[in-house]
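In listed order, ligands and their atoms are each counted from 1.
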Amino acid sequence: MSTQPTEKNDFIRTIIRDDLASGKHDSILTRFPPEPNGYLHIGHVKSICLNFGVANEFGGACNLRFDDTNPTAEKQDFVDGIKEDVRWLGFEWAGDVRYASSYFDELYGWAVQLIKQGDAYVDLQSIDEIRANRGSFTEVGVPSPQRDASIEENLARFEDMRQGKFADGEAVLRAKIDMTHPNLNMRDPVIYRVMHAHHHQTGDQWCIYPMYDFAHPLSDAYEGITHSLCTLEFEDHRPFYDWVVQKVGFDVPPRQYEFSRLNIDHTLTSKRKLKRLVDMGVVSGWDDPRMPTVAGMRRRGYTPEGLRDFCERIGITKSEGLVDHRMLEFSVRKSLEETTARGMAVLRPLKVTITNFDDAVSKFNELKNEKTLAEFDGEALWLTQPKHPHLNMGERQIPFTKTIYIDATDYEIEPPAGYKRLSPNNPEIRLRNSYILKVNEHKTDDAGNVIELIATIDEHTLGNNPEGRKVKGVIHWVSATHGVTAFVRLYDHLLLEEDEIDASLAQNALGADADAFWINRHLNPNSLTVYQAVVEPDLAKAAAGERFQFERESYFIADSVEHTQSSPVFNQIVSLKDSFKPE
Ligand code: ATP
Ligand code: MG
């Protein structure tokens, strides 16, 4: 099988290929322009893989630019987090990180230029009046009383805005285009507003800030971006994008192209809404492993390779839809198969006492198969096993003892049809890496729950098949005396609804009662299940951030925040089996 990646062929790559072939551009420059008002999520990963991906593929470069024009929602913490996330995903931006705020002088100058050209004016209406006078799809807009003020008046008022002579909301600068335009974005959009707010980059230097729709195209043009790639909701903003770049007079204007945003079932993909989950306290933070943030997915154990593979699979189109979350899990699982060591962990421990342990194990030296390395220290038989069945990852020592734990779901008094594990009618099974076990008796509590199994092992079966019978099934186990107690966390979706739109989480806080109502109705109460498990000693030695396959369970990662060798904590990455088949 070829390991060469196939050439990607979406409509954006076709455009870029054509632009290079026709000589329209000699090289390409893209940008990823997050607003630092939260941490990145899986939707941004799609945009990052596209912007950095095409830059890499076509020998160009990609800028990381913070679109930081809204200081009250933004923070340095988010800037730092976003940089870390982009690097973790495996991408490097061209040169230094950029900020729209480093162009505040230029942007101010361009605004003055527009006023001097008669293309912008200061409006003294209130924000509500401006909104009401904008009209609708069926009604044209009403011109502002200041729309035809002289250039000198406008220059003076804009200077007053900059000098802090207006309070927030008392004046705005608007582009002068057309109040009857069928596209509402072209009805004299606001391009600067008064906001007496401290900015994380520029401090208290400014009390007026440009609007995103003004700053973004001009930052693109100023940096020499060739292809400005964004999501479809900006399609209606493109006429203004082109208008403003043309009015300011850039020789080689950037072109904006739109693709469909990523939506995944049961997943919120909006920074503001994810922030609400953090603020409501329903998750432990932006990096809660259930969060679809890059920080959350990283802590959850997802790999950069898995996320990049997922983005390749979903591709780039203009059609909207819900992507199956199992596709993401498929890509992550694929990246773990050949990279993670194996280990045994029992999530629902059921005690098994092996009555013939001392007798059977004392004979292991005479009976053992030369393939089985083991050593008895008087208490435990230490079995030497590879960490991975076929990759060279070294070895581990697994203690086998008189009392062990198996998973409670591996023994059923009255098994359902097709059950292949232990039951009174099927008392024999292979203990993974160890002997054949035979259950001779089960003990129950007053409620009839099985609380202990009394069993024997077949002393001839360490590394050998039993004689005269076939034993089907293999189960995992952990020594009860030498295993280590660990917290093992299993995850499910945060949202009950498949489509995040149905979860109708408001972008802004509505108060404690509304929050409680929303939580009750839309949040999955079973998104986190914590097991007090027992793990083999080798797993407890894991370093924080180390990934494993717990045999017959799932892939897990030692939690980067809470895991210690004396008190291990593991997060489920993905299950072992997938019900999803990619085309
Ligand atoms: P959010 O609503 O989550 O804050 P946003 O679009 O406001 O998203 P930005 O920081 O402005 O967030 O986004 C940076 C870039 O990421 C933009 O180019 C945007 O189009 C892209 N992006 C955001 N969400 C998605 C998504 N779900 N799928 C693909 N691209 C996305
Ligand atoms: Mg945005």
Side-chain angles (χ1 to χ4, degrees), residues 10 12 30-55 62-70 72-75 77-79 81-83 85-86 89 91 93 97-101 211-213 215-217 219-220 223 225 227-238 241 254-278 286 291-297 307-308 310-323 325 327-328 499-501 503 505-508:
D10 50 70
I12 286 181
T30 57
R31 86 289 168 266
F32 174 63
E35 185 186 353
N37 61 346
Y39 289 87
L40 300 181
H41 53 64
I42 184 72
H44 297 110
V45 177
K46 174 176 178 176
S47 178
I48 290 170
C49 287
L50 175 66
N51 280 295
F52 287 91
V54 295
C62 180
N63 291 348
L64 173 63
R65 183 202 316 137
F66 288 98
D67 252 313
D68 53 349
T69 53
N70 189 17
T72 53
E74 298 162 3
K75 280 201 307 196
D77 271 3
F78 295 138
V79 169
I82 290 171
K83 281 159 61 177
D85 289 349
V86 172
L89 283 166
F91 297 107
W93 48 89
V97 168
R98 286 144 219 265
Y99 298 88
S101 58
M211 300 298 286
Y212 175 86
D213 274 350
H216 185 249
S219 303
D220 279 353
E223 289 178 5
I225 301 299
H227 300 80
S228 180
L229 313 175
C230 62
T231 35
L232 282 173
E233 67 267 25
F234 292 102
E235 200 162 14
D236 290 344
H237 297 239
R238 180 157 26 94
Y241 183 107
R255 270 292 315 251
Q256 173 180 303
Y257 297 96
E258 307 87 13
F259 60 95
S260 58
R261 53 177 278 120
L262 171 63
N263 301 302
I264 302 185
D265 62 282
H266 300 96
T267 304
L268 287 171
T269 41
S270 152
K271 276 191 250 121
R272 282 177 197 82
K273 291 182 184 175
L274 291 168
K275 182 168 187 298
R276 299 253 0 252
L277 297 184
V278 175
W286 285 95
M291 290 281 272
T293 50
V294 176
M297 294 188 290
L307 291 173
R308 293 197 304 260
F310 168 69
C311 288
E312 278 194 28
R313 278 169 201 280
I314 56 175
I316 298 291
T317 66
K318 274 185 174 288
S319 52
E320 300 271 6
L322 269 187
V323 171
H325 75 278
M327 199 160 157
L328 174 57
D499 193 332
E500 67 172 304
I501 299 196
L505 178 61
Q507 296 213 349
N508 302 309

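- For atom 3 (O) of ligand 1, the nearest non-hydrogen atom from the set R272, K275, K271 belongs to K271.
- Ring to ring, Y241 and H237 are not that close: their centroids are 6.0 angstrom or more apart.
- For the pair H44 and F32, the minimum side-chain heavy-atom distance is below 4.5 Å.
- Geometrically, ligand 1 and L262 share a nitrogen or oxygen pair separated by less than 3.5 Å.
- Without hydrogens or angle criteria, K318 side chain to E258 main chain gives a donor-acceptor distance under 3.5 Å.
- When each atom of ligand 1 is checked for a heavy atom of H44 under 4.0 Å away, the hits are 3 (O), 8 (O), 9 (P), 10 (O), 12 (O), 13 (O), 14 (C), 16 (O), 22 (N), 23 (C).
- Remark: side-chain polar atoms of K46 are paired, donor with acceptor, to backbone N or O of S260 under 3.5 angstrom.
- For a threshold of 3.5 Å applied to N or O pairs, the pair formed by C230 and ligand 1 contains no separation below that value.
- Other residues, nucleotides and ligands contribute over 12 non-hydrogen atoms within 6.0 Å of the NZ atom of K273.
- For ligand 1, the atoms closer than 4.0 angstrom to any heavy atom of H41 are 3 (O), 24 (N).
- Distances below 4.0 Å separate heavy atoms of S47 from the following atoms of ligand 1: 16 (O), 21 (C), 30 (N).
- Considering backbone and side-chain N/O atoms, S260 never comes within less than 3.5 Å of an N/O atom of ligand 1.
- Within ligand 1, counting atoms from 1 as listed, the ones closer than 4.0 Å to a heavy atom of T231 are 19 (C), 20 (O), 29 (C), 30 (N), 31 (C).
- Look at F32 and you'll find a heavy atom under 4.0 Å from some atom of ligand 1.
- Using a 4.5 Å cut-off on side-chain heavy atoms (C-beta onward), M327 and I264 make no contact.
- Between the side chain of R31 and the backbone N or O of L229 there is at least one donor-acceptor pair closer than 3.5 Å.
- At least one N or O atom of E35 sits closer than 3.5 Å to an N or O atom of ligand 1.
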